Structure formats: structure tokens, C-alpha cells
Protein chains: 4
Amino acid sequence: MERQALEPRSPRGRATKATLVAAARRVFEREGFPATHIAEIAAEAGVATGSFYTYFNDKNEIFAAVMDEVQEEMLHPVLSEPPAGSGPVAMIEAANRAYLESYRRNARLMGLLEQVATIDDEFRELRRQRWIAFAKRNAGSIARLQEQGLADTGLDPYLAATALSAMVSRVAYSNYVLGEEAPLETLVETLTRLWASALRLPDEG
Amino acid sequence: MERQALEPRSPRGRATKATLVAAARRVFEREGFPATHIAEIAAEAGVATGSFYTYFNDKNEIFAAVMDEVQEEMLHPVLSEPPAGSGPVAMIEAANRAYLESYRRNARLMGLLEQVATIDDEFRELRRQRWIAFAKRNAGSIARLQEQGLADTGLDPYLAATALSAMVSRVAYSNYVLGEEAPLETLVETLTRLWASALRLPDEG
Amino acid sequence: MERQALEPRSPRGRATKATLVAAARRVFEREGFPATHIAEIAAEAGVATGSFYTYFNDKNEIFAAVMDEVQEEMLHPVLSEPPAGSGPVAMIEAANRAYLESYRRNARLMGLLEQVATIDDEFRELRRQRWIAFAKRNAGSIARLQEQGLADTGLDPYLAATALSAMVSRVAYSNYVLGEEAPLETLVETLTRLWASALRLPDEG
Amino acid sequence: MERQALEPRSPRGRATKATLVAAARRVFEREGFPATHIAEIAAEAGVATGSFYTYFNDKNEIFAAVMDEVQEEMLHPVLSEPPAGSGPVAMIEAANRAYLESYRRNARLMGLLEQVATIDDEFRELRRQRWIAFAKRNAGSIARLQEQGLADTGLDPYLAATALSAMVSRVAYSNYVLGEEAPLETLVETLTRLWASALRLPDEG
DNA sequence: AATGAATGAGGTTTCATTCAT
DNA sequence: TATGAATGAAACCTCATTCAT
């Protein structure tokens, strides 16, 4: 036999699996990763302990399923669109606001991912990959600004992007996971101002 | 006989306790917090399992002892002194360099603290306190620069300090714990430039 | 609704049952008795787990069905016929050869029967019955030889038959199940010679 | 940590380990290998379940310990010595009697070994090694008889030894494990006569 | 007849903590 | 103080069997 973890073949099975993922999400948020036990997920889902193993091999596997859902939600934020045709500062502001908002919405689980990443190599790598992708995107936009003569050309675009992204994500973590609780708009404003100045962007009208 | 956790009275006791802390540090670094077991700490120290409880009530307690040691080391860095009488940028640079160097020296344990902070409320609070103290110090120095008309007065000093410190600490974490590995001098240079620009400090020299 | 285990009524049912027995045989040979699980038999047969219970109540029952098939095969060996009208030694030789050949053909399952017999009383009894029948047949032929003054009359025919049959079957087991691997003809020759001498049969031509 | 299974360091520990082995022996004899559960061994020994794991990693390990004890007992049988200076038949008789007696004494556990050997490769190999050693010893003595012109030189000594030993051991198994129950003396007599005749040894006085 | 999801009792194993010596 | 054996509550995971569809 070796392993199982089947994909459900019937609607009923699909429903049960979904119920389990939803239940797991709640328990993880409530208890944190180490204190979450298989039996409790099953109980929360209203199924027998054994049924958990019909769909997942272990806690990691269902955690990954939960995080997939979360990522989905973070990728499709209800965008407060950057005003088309606006300048780079406005775009940075829009990006920062979008990031902080979606982070706030999923604060518990973002904290959880942070937690698990410190414990489990598999998830550490996952987070690292996402982070690199994110930084590269920002690096590209910084490089473009440099080419347009708008941003400080004395900066390495990738390093600068990493550092500034780190700043934003860490502030988000502090506020929404650790509970520092400054108002969103203040954060957006400060971070955007710091970011723009750090790049030495010219003031926008 | 509710509790114990004696302070050692004899020299022999003191030696044993020290041995345990040193052993714990090694095991924590090797295994991470959750995978470190009391029995293994005792074995590493070459004492019986039961002896652990002569000095500590649980894993948290010895972890705190280890972190105290580390903090000691981080507070007394072999300073690359900021050139006396130099300008603010040079001071920021010196501070960043000092921070990154001491972080690098204790990378494993800083990662550990991060890890434990996500798991245990007690340590989360501890880290938060340290963080606030650190940010306040930086906030003070930003406020002073503002008063001197050197730094952007449009920034809230405390928020700005928090954000910029977050940037530096997160970059340190990425590099030395997750293993991104950019050269120290490049990091110092980039972070300092970003920090100075973010505050809109005038160019030095 | 205490029990089930229907005899299939439709051709489709008969086909499914046969598929299950064939699948079980393969799984038993591959995994051994204790490591064979109902679910795997069903999977190997390409039917749902539940369908197993339409035809069998448990693992023992399907194992019995498999062993029936095997017995069938062992009873109809492609006989290397004993030369008609030949002497007793030639007949013993033919019997030994036939036994070893069919044992070799079904080595995996003979080992399996051995295995299960050590675990399950039901099968132990089954094997014992077969063994007694076999020994009695041999006892009869020894008694006949004694009456003809050809075999050692100092031997109890049943005991002698048991012991000599034990010798042959154990050698077969050693070779084909445990993998000792002496050539068939050498085995036949040695066993026959020992058997004949043990009975003090006169040399044949 | 990885593993444990310590050798006891105190007399108390040694006592407990011995108690566990003795208890395991009783439970194995009573229940057979697959039906023996760790918890029951511990209960029979009057210790907590967890204590089992202080000394053994799993069921196999304690079973090996039990079998070591048994082997010890079988190697030091209370010998019914072969009459010094007697002929080969008397020696064969003495050997057969000794073998059957010690087999009878440890019948349950010999059956157990047979059982486990069919299930577990480790023990199968162990039994095979013992068997080969035993057969080689017998082969040597047959070869010697051949050199003296006393035994049938048409036989391969190793094959003959294997086959005749198989006969004896299988008869022992039948009688004492499966419960065929012929009287010891009858068995000794018959087996010895068959063995001697099979080798065509000359009648002894 | 067939399906495959659901069950849950039953076993194994771990490890923080206690305690007699 | 030091020892290290003993404890036992948890947690994990398996798999034969049932059952609604």
C-alpha cells in the first residue's frame, strides 16, 4: 500500500474534503500550528478521525491546502485600483495599500505561515520562493524608474527592492499579527513616503 | 513539593547549571526549538535527565537562559566605532554595520528567537519589548534630526523608525538566517543609502 | 443482516469473484499474508473495496479460495508417469519427482500456506488433514512392500511414512521457498536413494 | 535523538529488563507473535507501557532477546550422553534423542520461531544460518563414516545430512508443535533406524 | 451488484516529569 | 545534588468493516 491521500471521486467526498480544509483553517487560526491536532480538525469538521486520512497524509498536507486557499485570496484582492495614468508615487501607494489590506484580511494565517516557515523546511522554501518572485517584480519596476531618470541610480535595484519590500511586509506583520495597530492610512502614507524618498523620486504635484 | 528550580548554592551546582545552558544552546542551534528534548539537553551536558529539573522547570526556562547569554553578546559587539564628530549618515552606517555584524554572529539563535516568538506568547512579548525599546531609540534620533532641520519633518518619527528598523532587521534575517548571502559591505551601503534618502538627509561630504 | 458472502448469481458476479481471487493470489504472493490488506486486493482487482464483501467475509475466506485453486493445480501435475510395471524404487522416484516439481511450481503459495498455518488455527487444521491423508497413502504403500517382504518389517509403516514424507516436504520447502536451490535431478536422486535405503529395499536392476 | 533502547545502567534497570523478557516469553507462548501486543507484555511484567521502550525499540527486538534465551537453553541440554566408545548408530540415536528432548522442552517457542521466520526476513535469515551450521556438522560426520567405509558412498554428504536433519526436525515440529504426540522412545527408535538404514550403516551388534 | 466514503476501535510510540535511591 | 528508571497521558495512524447511494 505505502500511501493513500486520494483525490475524492464522488461529490460527497469532495464535500468532505472541503469541509476538512475549512475546519482546519479555523483550528489553525485558533490554535496555531503545533497545537493543532488531527483529531481536533476532524472533530471540528464533524467527521471521524480516520476520515482525515482518507484525504490527507498528515498535518503538513492539510496546512498546505489551507495556505493554497489563502494565497488564492491574496492574489485576488478587491483592488483599490491605482489611478490609471498616475505617477510612480501613486502606484507605490496603491501597491502598499493593497498589500496591507490583504495582509490584514488574512492576518492570522499570514502569521501562521511565518510560524510554520520557521519550523518546517518545506514551507520555508515555499515562502522563500514567493518572496523572491515578489522582490523580482519590484526590482523590475525600480529598474524602470532608474532608466527614466526618476530613481536613484546609485542603488542596486534587486537589493533595494528586497529591502523596501522587507520594510513593508515587516510592518504589516508587526501591525496585524503582533497587534501594533496603527491606522491603515497612516501606515500607507508613511511607508509610501519612505519608499519614494528612499528611491529619491521627485515629489509628485 | 510544588516547584523547584533552585539557584545553585555550591560551586558544583553552578558548574552544572552552566554546563546545561551551554549544552542547551548547542542543541537548540542544532535541532530548533520544538525538536529539542529535555533528555537530549541533559545527555549533551553529560548529566542525568533528572538533574535538569534541579535548575530549570521546563524548556522555556532554559531557553530564556540561553537567550540572555545571547543578548549579552549582542549588546557588547566588538564595535566598529562610529567616527566621533561625524555626520548623521556616518552614524547610521555605523549602527547598521554593527547590527548586521552581531546578527550574523548569532544568526542561528536569532532565527531561533524568531521561531520561538511565533510559538510562545511569553517570548513574543519579550521580543516585542526589545523591539519597542530599539524603535524608540531610533525614533529619538530621528526626532533630533528633524529638529535640526536635517530630516523630513513630514514623517512621524516613531513610525519611520519602526519601518526603517524593520527593513534592516528583516534584511538581516533574510541574509543570515534564510541564507540569502549578499556581502556585508554591499548590504551596509544599500541599507544606509536607503535609510538616509528615506529621511531626506542631505548628502554628506 | 448478519452475514453475506453470496454465491454470485449473475455471470457478471461470477466474473468479479474470479477477478478477486486472481488478484488476491497475486497480492498474497507479493506481500505475504499479514501484509495483505483487503483494500489492496480490491484495488488490484480494479473493484471498489466494498465489493470485496459481496463475495467474501474476510481475508481468511479469500485465502481459502486461493488455496483451493492451488490445490487443484497440485493435484493435476503434468505427470512424469511412473513407468508401468516398474519396481518400487522407480515408483518412489516418480512420486518424489512429481512432488518436487509441483512444489516448485507453486513455491510462493506453498510458503504462504506454511505461513498462514503457523498463524491461523483453521488453516493449521486444514494442512494437518492433508498431511495425514498423504502420510496414510504412503503408509499403505510401505505396508504393502513389507507384506511382500521387500521393506524393513521392523518399521511402523505410519511412522516411517510420516518421517520420510516429512523429509521430502521439508527439503522441498528449503529449496523452493527459502531458496537453497540444488538442481532438481540431484534432489530426486538423493531423496529416492535415502528413502529406498531407509526402507532397506533391495537394489533394483 | 533518533533512537534509544538503552542497556540498563543500574541493577534496578537490569531487573526490569529481565522481567520484561520473561513476561514477553510468557505472552509470546500464550498468544503467538502477531497477537502479542507491547501493552500486554508491559502489563504482564507489571510495568507501564512506556517502560517497554526504555529497553526495546519494538516487538522484534524483545522477541530476539527471548529467542536468545531459548537458544541458550537448547545449547546446554541436560545431556543423555552417548555411551562412550559406542558405534555410529548409538551416536545417531543419542543425537536424535537429545534433539527431540530439547525441542519438546521448548516446543512453544520453537513453533514461534517457525512462525516468525515465515513473516520476518530478519528471523528467517537467523533460522537459516542456524540450520546451515547444523547441517554442516552432520555432513561432516557422514563424510567420516563414508571414509571409514561404513556409509553409502553414493550419497552427497551435505545433501544427505540436510535431508535427514530435515526429517528429524520436521518430525519434532509435527509432534511437539502441531501435537501429533507419538511417544518419545518410539520416535527416537524409528528415526534412528531410518537414518541408519538410509546411510546403509551395518547393523550394530 | 457495485461503489467508495465513513467509521472508530485498537494499536504504537513519544517524552515531559516524577521519584526513590 | 545527582542519578536514571518509571510513569502514563497524549498523540499518531491503520484498516477491517459498514452503509447510503
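Just so we're clear, the structure is a prediction, and the values are computed from it rather than from any experiment. Chain letters run A, B, ... following the sequence lines, proteins first and then strands; every chain starts at 1.
Note on A:Gly50: a base of the nucleic acid sits closer than 4.0 angstrom, heavy atoms only. Counting any heavy atom pair closer than 4.0 Å across all strands shown, A:Tyr55 reaches sugar-phosphate atoms only and no base atom.
Taking only side-chain nitrogens and oxygens, B:Ser10 comes nearer than 4.0 Å to OP1 or OP2 of F:dT1. Look at A:Tyr53 and you won't find any side-chain N or O under 4.0 angstrom from OP1 or OP2 of F:dT14. Between A:His37 and F:dA10, a side-chain N or O to OP1/OP2 separation shorter than 4.0 Å is absent. Checking the phosphate oxygens (OP1, OP2) of F:dC12, no side-chain nitrogen or oxygen of A:Thr49 falls inside 4.0 Å. Residue D:Thr16 places no side-chain N or O under 4.0 Å from the OP1 or OP2 atom of F:dA5. For the pair D:Thr54 and F:dA5, the criterion of a side-chain N or O lying under 4.0 Å from OP1 or OP2 is not met.
Closest contact between the side chain of D:Arg9 and the listed nucleotides F:dT7, F:dA5, F:dT3 involves F:dA5. Candidate nucleotides F:dC13, F:dG4, F:dT3 were compared by shortest atom distance to the side chain of A:Ile38, and F:dC13 ranks first.
Each of C:Gly13 and A:Ser51 was matched to the nucleotide of DNA chain E holding its nearest heavy atom; the match closer to the 5' end belongs to C:Gly13.
We find that CZ of D:Arg14 is positioned 13 Å from C1' of F:dG4, with the value rounded to whole Å. With rounding to whole Å, B:Ile41 atom CD1 is found 11 Å from E:dT17 atom P.
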